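Take a look at the structure set out below.
Fair warning: this is a prediction, and the values are worked out from it, not measured in the lab. One-based numbering along the sequence shown.
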Amino acid sequence: METLVAGYLAAHVDDRIERRRLSGSKDRGDIAGLRHMGGRVTVECKNTTRHDLGTWAAEVEIERGNDDGLAGIIAHKRHGKGRAEDQWITMTLGDLVALLTGNRDHLEETP
């Protein structure tokens with residue numbers, strides 16, 4: 001899944017995007033080089049038939065923090081669909097706003 005997502009993003013967004021090598025306890029996501037409005041976008045890839053969005057969202061948030069990222073997104077397998085562009089992307093509304101505005105300031109204001 002990581003290779004599929006990284007290859008698609010590299011071909012259509014920025015050719016410097018690549019699958020990230022394992023980094024131990026300070027995981028920074030599965031894809032390196034994805035940026036938006038100057039900020040890093042942390043991507044966690046999942047290829048499983050059982051969805052666990054809550055756990056995955058917590059995982060990508062830790063990785064986003066480790067990566068000092070603007071937003072975290074989850075790319076997960078859409079079973080029965082083999083093309084990269086058909087896979088699912090999930091994120092929190094807060095991360096969507098961060099992507100659209102280029103900052104995370106609104107997240108620090110919300111209790």
Side-chain angles (χ1 to χ4, degrees):
M1 184 69 176
E2 293 90 344
T3 301
L4 181 72
V5 172
Y8 187 78
L9 292 172
H12 297 284
V13 177
D14 186 326
D15 64 2
R16 295 171 290 182
I17 296 170
E18 62 185 10
R19 182 176 179 182
R20 190 183 302 268
R21 288 158 190 41
L22 295 176
S23 59
S25 65
K26 292 291 185 179
D27 192 356
R28 299 183 308 147
D30 294 323
I31 308 295
L34 182 58
R35 293 183 170 268
H36 181 67
M37 299 179 85
R40 289 184 187 93
V41 179
T42 304
V43 182
E44 178 62 25
C45 298
K46 298 294 182 185
N47 183 1
T48 179
T49 56
R50 184 175 176 171
H51 292 175
D52 191 357
L53 295 177
T55 300
W56 299 347
E59 181 180 355
V60 78
E61 177 57 18
I62 291 167
E63 294 169 353
R64 184 205 59 77
N66 291 342
D67 199 31
D68 195 26
L70 173 63
I73 63 174
I74 305 157
H76 48 109
K77 177 73 176 154
R78 184 175 175 194
H79 289 278
K81 301 287 184 177
R83 299 182 323 160
E85 60 268 31
D86 292 332
Q87 306 314 305
W88 297 116
I89 296 294
T90 300
M91 68 179 71
T92 65
L93 184 57
D95 281 321
L96 176 61
V97 170
L99 282 176
L100 295 173
T101 64
N103 69 64
R104 296 186 65 80
D105 293 344
H106 65 281
L107 294 170
E108 295 172 9
E109 296 170 5
T110 305

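- By the 4.5 Å heavy-atom criterion applied to side chains, R35 and R40 are counted as neighbours.
- Taken to the nearest 0.5 Å, the CD1 atom of I62 stands 9.5 Å off from the NZ atom of K26.
- The aromatic rings of H51 and H76 stand perpendicular to each other, their planes meeting at an angle above 60°, with 30° marking the opposite boundary.
- Both L96 and L9 are part of a single hydrophobic cluster, where members link through side-chain heavy atoms under 4.5 Å apart.
- Closest non-hydrogen pair, Y8 versus E85, comes out as OH-CB, 3.2 Å.
- With V97 as the fixed residue, the side-chain contact (heavy atoms from CB on, under 4.5 Å) test singles out one of L99, T101, D95: T101.
- Remark: side-chain polar atoms of Q87 are paired, donor with acceptor, to backbone N or O of R78 under 3.5 angstrom.
- Cluster annotation: L100 is connected to V13 through the hydrophobic network of ILVMFWY side chains, with a link wherever side-chain heavy atoms come within less than 4.5 Å.
- Other residues, nucleotides and ligands place no more than 12 heavy atoms under 6.0 Å from the CZ atom of R16.
- By the 4.0 Å N-to-carboxylate-O rule, K46 lies close enough to E59 to be salt-bridged with it.
- Interatomic distance, L4 CG to R83 CZ, rounded to the nearest 0.5 Å: 11.0 Å.
- Counting all heavy atoms, side chain and backbone alike, H79 lies closest to T48 at NE2-O, 3.0 Å.
- Taking all atoms of both residues into account, the shortest heavy-atom contact from A75 to V43 is CB-CG1, 4.2 Å.
- Under the 4.5 Å side-chain contact rule for hydrophobic residues, M1 and V41 share a cluster.
- Screening D67, D30, D27 against R20 for a salt bridge (Lys or Arg N to Asp or Glu O under 4.0 Å) leaves a single residue, D67.
- Residues I89 and V5 share a hydrophobic cluster, clusters being chains of Ile/Leu/Val/Met/Phe/Trp/Tyr side chains in contact below 4.5 Å.
- Judged by distance alone, the side chain of R104 and the main-chain N or O of L70 form a donor-acceptor pair under 3.5 Å.
- Nearest approach of N66 to R28, heavy atoms of both residues: O-CD, 3.7 Å.
- Of the possible donor and acceptor atoms, none in the side chain of R19 sits under 3.5 Å from a partner among the backbone N and O of T3.
- A pairwise comparison of heavy atoms in I17 and A10 identifies O-CB, 3.5 Å as the closest pair.
- Across E44 and V60, no two heavy atoms sit closer than the pair CB-CG2, 3.8 Å.
- Atoms SG and CD1, from C45 and I73 in turn, are 8.5 Å apart once rounded to the nearest 0.5 Å.
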